[in-house]
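We name chains A, B, ... by the order of the sequence lines, and we start the count at 1 in each one. Note that the coordinates shown come from a computational prediction; the quantities given were computed from them, not determined experimentally.
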There are 2 protein chains.
Amino acid sequence: MTDRPYHHGNLRSAVLGAAVEVIEQNGPAALSLRDLARRAGVSHAAPAHHFGDKAGLLTALAAQGYELLAGSLAEALAEARGAAPGEAGEELAEAGVAYVRFAVRHRAHFEVMFQPGLYHPDDPQVVAARGRADQALADALQALPDPPAGEQRRLAELAAWSMVHGFAALWLSGALPTEPGAEPGDVARTVIRGRFGSG
Amino acid sequence: MTDRPYHHGNLRSAVLGAAVEVIEQNGPAALSLRDLARRAGVSHAAPAHHFGDKAGLLTALAAQGYELLAGSLAEALAEARGAAPGEAGEELAEAGVAYVRFAVRHRAHFEVMFQPGLYHPDDPQVVAARGRADQALADALQALPDPPAGEQRRLAELAAWSMVHGFAALWLSGALPTEPGAEPGDVARTVIRGRFGSG
DNA sequence: TCCCCTATCTTGTCAACGACAAGATAGGGT
DNA sequence: ACCCTATCTTGTCGTTGACAAGATAGGGGA
């Protein structure tokens, strides 16, 4: 047919990228290995070689997502630390904003990550990456001026994570009756400060 | 084959019920109209008559879910109102607990409701039911001793909804490292009181 | 009583998909 | 020059969603 070489050379990355596009536009349910193969210009069974099966592809996507999330949180935390010392809880609030921004910016990854039924949640790479993201979240809590300890620490982590995750999930699902042009990160910052600004 | 009558008599309800079972056990992605038909003992195309297509079935499920949620919230609010006057924010906290309990108890409905890509979110029945659920949530906020107004009202609603929704979503996704035997409603109450107990 | 009318369910079919097996190709290491 | 492995192709099977056309029941009106 075409003068395409027998070996794609970068099929794994190409398939992952195409998967992100498809999921962003039509959700994970619309994903098809054969469609991704067509987009990459390879035969219908080529993607399976790199990921095993459909769940394997989504597993790779989830692992990549947790890596990205851990990086985003760590970066936001470092930035908030470096900035001029503002009010108490600055770092935690900005980490929360970063969480929401990640969900919106990497919608496809986020949607897959929290639907463990779609992939292999016990995959070693996924577990490791998720551990790094969890640690980044814990670091943000420890940045509080008077970090809670013991049972309180666990509760504070639950509360903070629940709020930002819920905001992100509701935003992505379109359930929030907000202005179309609003920037989700800014709205999230206002909401977070209203509840967590004082500790 | 069997002496089954030509008309099932209650196929619509049977298919909806079977769909809930399947989704609870294997998630929405594992849903198959043909499998539901087999479970109901009818031909493979029978379910489509009642729901049009797969998205139609999930649309009916989402509408049913919003109705159930509105009822659960209203009931919890009424109960908290009727109980001996406790501390401030009692009604809002109990509505939040009811939200989490609904998500866990009706996991299948909850998972579908907040994935609008799976169904027809503009369906009139869905829109109406969702409106009732939204109203129940607003009622819970107005039950505060000093209910916020204007912009503050919107922010408080966002914060409260985000927290309980996030908690429920994280719980269902298995992301929370909690004790296996823990009752999600009780954990949620502790988390909610920690953040919203003082208004 | 008879007929028709409508909702309900069946049967048959098609394209698309996931998964698997077996073979072809390239490119590097020995 | 040879093999060895990863990569990709081709072919196939069972399952699914969607659609079309026909069969069946059950009730309301002539």
Under 3.5 Å, sequence neighbours excluded: what are the donor-acceptor pairs made by side chains of residues 133-149 of chain B?
{"residue": "B:Q135", "atom": "NE2", "partner": "B:D139", "partner atom": "OD1", "Å": "2.9"}

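- What separates CG of A:L57 from P of C:dG18 is a distance of 10 Å, to the nearest Å.
- The CZ-P distance, from A:F51 to D:dA6, rounds to 16 Å in whole Å.
- The side chain to side chain donor-acceptor pair (under 3.5 Å) analysis of residues 48-64 of chain B, with sequence neighbours excluded, yields the pairs B:Q64-B:H109.
- For residues 12-29 of chain A, every residue pair satisfying the side chain to side chain donor-acceptor pair (under 3.5 Å) rule, not counting sequence neighbours, is listed here: A:N10-A:S13.
- For the pair A:H50 and D:dC8, the criterion of a side-chain N or O lying under 4.0 Å from OP1 or OP2 is met.
- What separates CZ of B:R12 from C1' of C:dC9 is a distance of 16 Å, to the nearest Å.
- Residue-level contact check: A:R38 touches the backbone only, with heavy atoms under 4.0 Å from sugar-phosphate atoms and none from bases.
- Residues A:V100 and A:V187 form no side-chain contact, since every pair of their non-hydrogen atoms from C-beta on lies 4.5 Å or further apart.
- Taking the ring pair (Phe, Tyr, Trp, His ring centres under 6.0 Å) definition, one finds that B:F114 meets it with B:F110, B:H165, sequence neighbours left out.
- Judged as a side chain to side chain donor-acceptor pair (under 3.5 Å), not a single pair has a partner in residues 116-129 of chain B (not counting sequence neighbours).
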Pairs: protein N or O with nucleotides 19-21 of chain C N or O, under 3.5 Å:
{"residue": "C:dA19", "atom": "OP2", "partner": "A:K54", "partner atom": "N", "Å": "3.1"}

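- The stretch residues 13-32 of chain A comes close to DNA chain C through A:L31, A:S32, each having a heavy atom under 4.0 Å from the strand.
- The interatomic distance linking B:L11 (CG) with D:dA25 (P) rounds to 16 Å, in whole Å.
- Contacts of A:R38 classified as side chain to side chain donor-acceptor pair (under 3.5 Å), with partners at least two apart in sequence or in another chain: none.
- Sorted by first and then second residue, the pairs that involve residues 97-116 of chain B and meet salt bridge (charged side-chain N to carboxylate O under 4.0 Å, His left out), not counting sequence neighbours, are B:R101-B:E183, B:R101-B:D186, B:R107-B:E111.
- Regarding contacts with the backbone of D:dC8, every side-chain N or O of A:H49 stays at 4.0 angstrom or more from both OP1 and OP2.
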